[in-house]
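Residue numbering restarts at 1 for every chain, and letters A, B, ... go by the order of the sequence lines. All values derive from a computational prediction rather than experimental measurement.
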Protein chains: 2
Amino acid sequence: MAQTGRSGCPINLTLEQLGDRWSLVVVRDVMFGNRRSYGELLAQSEERIASNILADRLKRLTASGLLTRRPDPTHRQKVIYSLTEAAIQLVPLLAHMGAWGRRHTRPSKELSVRAELLEQGGAPLWNAFMEELRHLHLGAPRPARSVSGELQAAYEKALAKRSR
Amino acid sequence: MAQTGRSGCPINLTLEQLGDRWSLVVVRDVMFGNRRSYGELLAQSEERIASNILADRLKRLTASGLLTRRPDPTHRQKVIYSLTEAAIQLVPLLAHMGAWGRRHTRPSKELSVRAELLEQGGAPLWNAFMEELRHLHLGAPRPARSVSGELQAAYEKALAKRSR
DNA sequence: CAGACCACTTGCATATCGCAAGTAGTCGAA
DNA sequence: TTCGACTACTTGCGATATGCAAGTGGTCTG
């Protein structure tokens, strides 16, 4: 995953940086699940990522400029991870990945709701979501629309429907 | 990479199937480079994929329904690999991957030309390309526009510029 | 009928993955 | 002030994946 320098093809370089089982899962959890610390990412991991793998990926993602790390002012031992602009620009990629997975794998219905909404919303929705992420992670002004709220509401509605 | 069944999230399922260093590189070469046989994929590999890894990925991609395999009628020993519809629907994903890599890694200028064109063309270009792939790989009628020709021409133009 | 070509396979060293357990320090309540 | 929970990890180790180099059995070409 480190710089092997095999080829200058942008698709290949993206895969060298992100082409593994876990990197984008971690980005997804920070992005869509707003998990901001090691503990949250570990405990609330849908896929039960191993602690050493998580530590390694946080290190790599930070080193490669997709995440930043800063101490939590309210707790001397806590660390807050934030997305960088480069990571925020992965939104369309993850949206497409969700859309493809929805069509060509057998996803659970509840967990597909967000992907479906993102797919239907298209670029305008992605841009609104990216604006919101810039607010949450980079200190940009809060936008009017909360896409994460919409996604979460849709997910919870699907959950409620399921349990009925 | 096999079915671990960790979570029904469509992004995760996509990563379980394609989240490794080589799978999408192979798909990319079949898709954009029109490499249709093991030998072509091995010899013309920009990234010098190892022969056993290539064999393994071709097996997996075929097993998971992204490629099909059929004998070459003109050569008893040759095998032709084709993209399935599921693989063709990875076009937008690969386009985004190229676009992201172009912005956030240090790609070579010549190899970025295709990614740039794909990014500028957007969904209409992707759809035209997918139509062409359906012709080349699934036997659909030949569309009027040849996106692969346009991409190839742009690449060769960039190469010529470089060597001047 | 020899030599190149075809699609792989095999052996083996190294790297990575992933489970389970451990570490060193901090915080909050009794 | 002390104890237990919580913080972000690290460590050990077996299992799996990667990747180089060489080999295999068959086919086509001059």
Side-chain angles (χ1 to χ4, degrees), chain A residues 1-7 12 15-26 29-30 33-64 67-82, chain B residues 1-7 12 15-26 29-30 33-64 67-82:
Chain A
M1 216 147 330
Q3 301 255 25
T4 48
R6 299 297 179 106
S7 135
N12 176 60
L15 285 168
E16 279 184 18
Q17 199 167 343
L18 298 171
D20 74 276
R21 181 74 183 69
W22 291 109
S23 296
L24 285 175
V25 168
V26 172
D29 282 351
V30 179
N34 203 37
R35 319 272 150 76
R36 300 298 292 270
S37 66
Y38 178 88
E40 286 172 12
L41 284 162
L42 189 63
Q44 300 170 44
S45 165
E46 187 86 31
E47 289 87 10
R48 313 233 127 263
I49 187 171
S51 63
N52 55 343
I53 307 286
L54 175 59
D56 178 76
R57 289 307 183 278
L58 287 172
K59 225 170 257 168
R60 286 194 213 214
L61 289 168
T62 303
S64 66
L67 295 178
T68 53
R69 230 186 92 99
R70 71 185 148 89
D72 184 334
T74 72
H75 189 308
R76 212 177 306 192
Q77 220 174 354
K78 253 183 153 174
V79 167
I80 299 178
Y81 289 95
S82 301
Chain B
M1 214 149 330
Q3 300 256 26
T4 48
R6 299 299 177 104
S7 133
N12 176 61
L15 285 168
E16 279 184 18
Q17 198 166 343
L18 298 170
D20 74 277
R21 180 76 182 69
W22 291 110
S23 296
L24 284 175
V25 169
V26 172
D29 283 350
V30 178
N34 202 36
R35 317 274 150 77
R36 301 296 293 270
S37 66
Y38 177 89
E40 286 172 13
L41 284 162
L42 189 64
Q44 300 171 43
S45 165
E46 188 86 29
E47 288 87 10
R48 313 233 125 264
I49 188 172
S51 63
N52 55 342
I53 308 287
L54 175 59
D56 179 75
R57 289 308 182 276
L58 287 172
K59 225 170 257 170
R60 285 194 214 216
L61 289 169
T62 303
S64 66
L67 295 178
T68 54
R69 231 185 91 99
R70 70 183 148 91
D72 184 334
T74 73
H75 190 310
R76 212 176 307 193
Q77 220 173 357
K78 254 183 153 173
V79 166
I80 299 178
Y81 288 95
S82 301

Spacing of Arg36(A) atom CZ relative to dT7(D) atom P, expressed in whole Å: 16 Å
Donor-acceptor pair present, Ser51(A) side chain and dT10(D) base, under 3.5 Å: yes
Upstream residue (5' side of DNA chain C) when His75(A) and Ile49(A) are each assigned their closest nucleotide: Ile49(A)
d(CG, Leu54(B); P, dC20(D)) in whole Å: 13 Å
Residue met sooner reading DNA chain C from 5', once Thr74(A) and Tyr81(B) are mapped to nucleotides: Tyr81(B)
Atom-to-atom span, CG of Leu15(A) to P of dT18(D) - whole angstrom: 13 Å
Sugar-phosphate only, base, or nothing, as touched by Asn52(B) at under 4.0 Å among non-hydrogen atoms: base
Nearest-neighbour nucleotide for the Lys78(B) side chain, dA7(C), dC8(C), dC9(D) considered: dA7(C)
Flag side-chain contact, heavy atom, 4.5 Å: Leu18(B) against Arg60(B): no
Separation of dC20(D) P from Glu47(B) CD (nearest whole Å): 13 Å
Tyr81(A) side chain vs Arg35(A) backbone, donor-acceptor pair below 3.5 Å: no
Step-by-step side chain to side chain contact (heavy atoms under 4.5 Å, CB included) determination, Leu61(A) to Val26(A): CA-CA 9 Å; Leu61(A) 289 168; Val26(A) 172; 3.9 Å; yes
Short side-chain N/O contact to dT10(D) OP1/OP2 from Tyr38(A), under 4.0 Å: no
Protein-nucleotide distance (Asp56(B), atom CG; dG19(D), atom P), rounded to Å: 11 Å
Arg76(B) side-chain N/O to dC6(C) phosphate OP1/OP2 under 4.0 Å: no
Residue whose nearest DNA chain D nucleotide is more 5′ - Ala55(A) or Gln77(B): Ala55(A)
Beyond-backbone contact of Asn12(A) with Glu46(B), side-chain heavy atoms, under 4.5 angstrom: no
Phosphate OP1/OP2 of dG18(C) contacted by Trp22(A) side-chain N/O (<4.0 Å): yes
Spacing of Arg21(A) atom CZ relative to dA15(C) atom P, expressed in whole Å: 24 Å
Euclidean distance, atom CG of residue Asp72(A) to atom P of dC9(D) [Å, nearest integer]: 13 Å
Any Arg57(A) side-chain nitrogen or oxygen under 4.0 Å from OP1 or OP2 of dC17(C): yes
Any side-chain heavy-atom pair of Leu58(A) and Leu67(A) under 4.5 Å: yes
Lys59(A) vs dA8(D): side-chain N/O to OP1/OP2 distance below 4.0 Å: no
Short side-chain N/O contact to dT7(D) OP1/OP2 from Ser37(A), under 4.0 Å: no
Whole-Å gap separating P (dT10(D)) and CG (Leu42(A)): 13 Å
